[in-house]
K.L.:
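Dropping a structure here in C-alpha cells format, bear with me for questions.
Just so we're clear, the structure is a prediction, and the values are computed from it rather than from any experiment.
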Amino acid sequence: MTYPKVYVSDIKLNEFEILSGIEIDGVGIKINISKLEELKSTLKQFSVEKIFITQVADFKLIEALMDTLGKEITLQIQDTSLSINTLALIKKHFENIKIIAPVNVNFEDALDKATKLDEIVDCIFVCAQHKEKSKLIENWQKAAIINLKTQKPIILAGSLNADNIHQAIKIVKPFAVSVISGVKIDGNVSCDKLVNFLKNTKRMEA
C-alpha cells in the first residue's frame, strides 16, 4: 500500500526540535526576509523537505529565498484569490522553483480553478475544511473528484486529525496530506498528537 506524504504546516523555527526523530516528509514555514539566515541555519540540522508559505506573491521575498537557500525551493501560495495569470507569471519568472497553489472546495468554482491550475503549478493544495462531519465528508468527495480530473499531485488539507485522517485518505487518495491544528495544543505542535496522526495515516486495513 502506498501511503501519502505527511506535511506539517505553519511550523515555527523554535518547533523544529520537536520534529527531530519524527518521520514527517515536509514542513510548511511562514517566513519573512529578516528570518532567512536563521531559517538557513535551522534547516541544516534537519532532512525534511522544505515548503515555504507566503500569503502574497512577493517577488522580493521569493528572490531572497532563492539567494539565501538555493535555487531548489518549493513555494506554497496561501492566497486563494491570487489570479491564474499571476501564478503563471511567478512560474515563468522563477523557473527553478516548484509552486503549490490552493483550491478551496467550499467554493463553487473549485473544480474549474483546479483544472486551470493543473496547467501551471506543480502541485494543488486542496482545502476541504468544515466543522460538520457530514459536510467534511462531502468535501473529501469533492477533493476526490479534483484528484481524478487533474494530472498534478494534490495535497489534502483542512480539519484533518488523527481520528479522521484514515477515512480522508481512503476517499481522496491524495499524494500528500497537510495538517496544522489537528496536531497542536494551544497553538503549539504536540509531539504526541503528531505521532498519533502519523500512526493513523499509515494504518494498513482497508
Side-chain angles (χ1 to χ4, degrees), residues 3-12 15 19 22 24-30 48-49 51-56 74-82 84 87 98-118 121-150 152-190 193-203:
Y3 304 115
K5 291 179 176 290
V6 176
Y7 299 145
V8 183
S9 297
D10 198 13
I11 290 292
K12 304 168 189 148
E15 290 180 318
L19 305 178
I22 299 177
I24 60 171
D25 299 289
V27 295
I29 312 161
K30 288 182 180 178
V48 295
E49 181 181 340
I51 300 174
F52 303 101
I53 301 174
T54 180
Q55 296 283 4
V56 294
T74 301
L75 184 70
Q76 180 180 324
I77 305 294
Q78 281 196 312
D79 188 352
T80 57
S81 66
L82 206 64
I84 299 293
L87 287 169
K98 295 180 180 178
I99 296 178
I100 302 171
V103 168
N104 191 323
V105 300
N106 290 292
F107 297 163
E108 291 184 2
D109 66 343
L111 180 57
D112 180 61
K113 183 177 181 180
T115 302
K116 292 175 180 176
L117 287 175
D118 197 34
V121 302
D122 300 280
C123 191
I124 302 172
F125 190 88
V126 181
C127 310
Q129 73 275 5
H130 208 286
K131 292 181 179 179
E132 296 180 27
K133 184 176 180 180
S134 61
K135 295 292 185 181
L136 181 59
I137 292 174
E138 287 180 16
N139 281 356
W140 290 339
Q141 292 167 341
K142 293 176 184 177
I145 292 172
I146 290 174
N147 198 20
L148 286 172
K149 299 288 186 179
T150 55
K152 299 295 171 59
I154 74 164
I155 301 173
L156 178 67
S159 305
L160 298 176
N161 55 52
D163 294 330
N164 65 26
I165 184 60
H166 187 62
Q167 184 179 13
I169 292 169
K170 285 174 63 179
I171 294 173
V172 182
K173 298 178 176 61
F175 163 75
V177 295
S178 179
V179 63
I180 304 177
S181 59
V183 295
K184 290 189 175 184
I185 297 176
D186 296 329
N188 298 307
V189 174
S190 163
K193 278 198 165 191
L194 181 53
V195 169
N196 199 28
F197 182 86
L198 287 165
K199 178 181 177 182
N200 286 352
T201 299
K202 299 182 178 183
R203 280 166 53 188

K.L.:
If we only count heavy atoms from C-beta on, is the Ile171 to Ile137 side-chain gap below 4.5 Å?
P.N.:
yes
K.L.:
Taking all non-hydrogen atoms of both residues into account, name the closest pair between Pro153 and Cys123 and its distance.
P.N.:
O-SG, 3.2 Å
K.L.:
Can you find a heavy atom in the side chain of Leu198 that is under 4.5 Å from one in the side chain of Ile22?
P.N.:
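Heavy-atom side-chain distance check passes, below 4.5 Å.
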K.L.:
Which heavy atom of Ala114 sits nearest to which heavy atom of Ile146, and what is that distance?
P.N.:
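Taking every non-hydrogen atom into account, CB-CG2, 3.7 Å.
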K.L.:
In Å, rounded to the nearest 0.5 Å, how long is the span from CG of Leu117 to CZ of Phe125?
P.N.:
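CZ of Phe125 is found 13.0 Å from CG of Leu117.
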K.L.:
Any sub-3.5 Å donor-acceptor pair from Asn104's side-chain atoms to Gln129's backbone N or O?
P.N.:
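Not at all, since once roles are kept as given, no pair shorter than 3.5 Å links the two residues.
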K.L.:
Between Asp112 and Asp109 (side chain of the first, backbone of the second, donor and acceptor by atom type, cut-off under 3.5 Å), is there such a pair?
P.N.:
no
K.L.:
When you look at NZ of Lys116, are more than 12 heavy atoms from neighbouring residues, nucleotides or ligands closer to it than 6.0 Å?
P.N.:
no
K.L.:
When Val177 is tested against each of Ile169, Ile154, Ile155, Val172 for side chain to side chain contact (heavy atoms under 4.5 Å, CB included), which residue passes?
P.N.:
Ile169
K.L.:
So, taking the atom named SG in Cys127 and the one named CG in Asn139, what distance separates them when rounded to the nearest 0.5 Å?
P.N.:
10.5 Å
K.L.:
Does any non-hydrogen side-chain atom of Ile145 lie less than 4.5 Å from one of Lys149?
P.N.:
yes
K.L.:
Give me the atom names and distance for the closest heavy-atom approach of Ala162 to Asn200.
P.N.:
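Looking at all heavy atoms of both residues, the closest pair is O-ND2, 2.6 Å.
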K.L.:
Heavy-atom distance under 4.5 Å between the side chains of Val183 and Ser190, does that happen here?
P.N.:
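No, their side chains stay 4.5 Å or more apart.
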K.L.:
Nearest 0.5 angstrom please: Lys113 NZ to Leu111 CG, how far?
P.N.:
13.0 Å
K.L.:
Are any non-hydrogen side-chain atoms of Val27 and Ile24 less than 4.5 angstrom apart?
P.N.:
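Heavy-atom side-chain distance check passes, below 4.5 Å.
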K.L.:
Is it true that the side chains of Lys142 and Asn106 contain a donor and an acceptor less than 3.5 Å apart?
P.N.:
no
K.L.:
Do side-chain atoms of Lys173 reach the backbone of Ala144 as a donor and acceptor pair under 3.5 angstrom?
P.N.:
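No; judged by distance alone, with no hydrogens or angles, the pair does not exist.
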K.L.:
Test side-chain contact (heavy atoms from CB on, under 4.5 Å) on Val105 and Trp140; report intermediate values, then the result.
P.N.:
CA-CA 9 Å; Val105 300; Trp140 290 339; over 6 Å; no
K.L.:
Rounded at 0.5 Å granularity, tell me how far CD in Gln76 sits from CD1 in Ile53.
P.N.:
4.5 Å
K.L.:
Find the distance between CD1 (Ile180) and CD1 (Ile11) and round it off to the nearest 0.5 Å.
P.N.:
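Going from CD1 on Ile180 over to CD1 on Ile11, the span is 9.0 Å.
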K.L.:
Between Asn188 and Glu15, is any pair of side-chain heavy atoms under 4.5 Å apart?
P.N.:
yes
K.L.:
Please tell me if the side chains of Asp10 and Lys30 come closer than 4.5 Å, counting only heavy atoms from C-beta onward.
P.N.:
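Contact flag for Asp10/Lys30 side chains = yes.
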K.L.:
Would you compute the distance between atom CG of Leu75 and atom CD1 of Ile100 and round it to the nearest 0.5 angstrom?
P.N.:
8.5 Å
K.L.:
Check whether any side-chain N or O of Thr150 sits under 3.5 Å from a backbone N or O of Asp118 as a donor-acceptor pair, and report yes or no.
P.N.:
no
K.L.:
Compare every heavy atom of Phe197 with every heavy atom of Asn161, then report the nearest pair and how far apart it is.
P.N.:
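Closest approach of Asn161 to Phe197, heavy atoms only: C-CD1, 3.6 Å.
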K.L.:
Taking Asp25 for the side chain and Val6 for the main chain, is one N or O donor matched with an acceptor at less than 3.5 Å?
P.N.:
yes
K.L.:
State, yes or no, whether a side-chain contact exists between Val179 and Tyr7 at a heavy-atom distance under 4.5 Å.
P.N.:
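The answer is no; the side chains never approach within 4.5 Å.
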K.L.:
Which heavy atom of Ala157 sits nearest a heavy atom of Leu160, and at what distance?
P.N.:
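So the two residues come closest at CA-CD1, 4.0 Å.
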K.L.:
Could you tell me whether Lys12 atom NZ has more than 12 heavy atoms of other residues or ligands within 6.0 Å of it?
P.N.:
yes
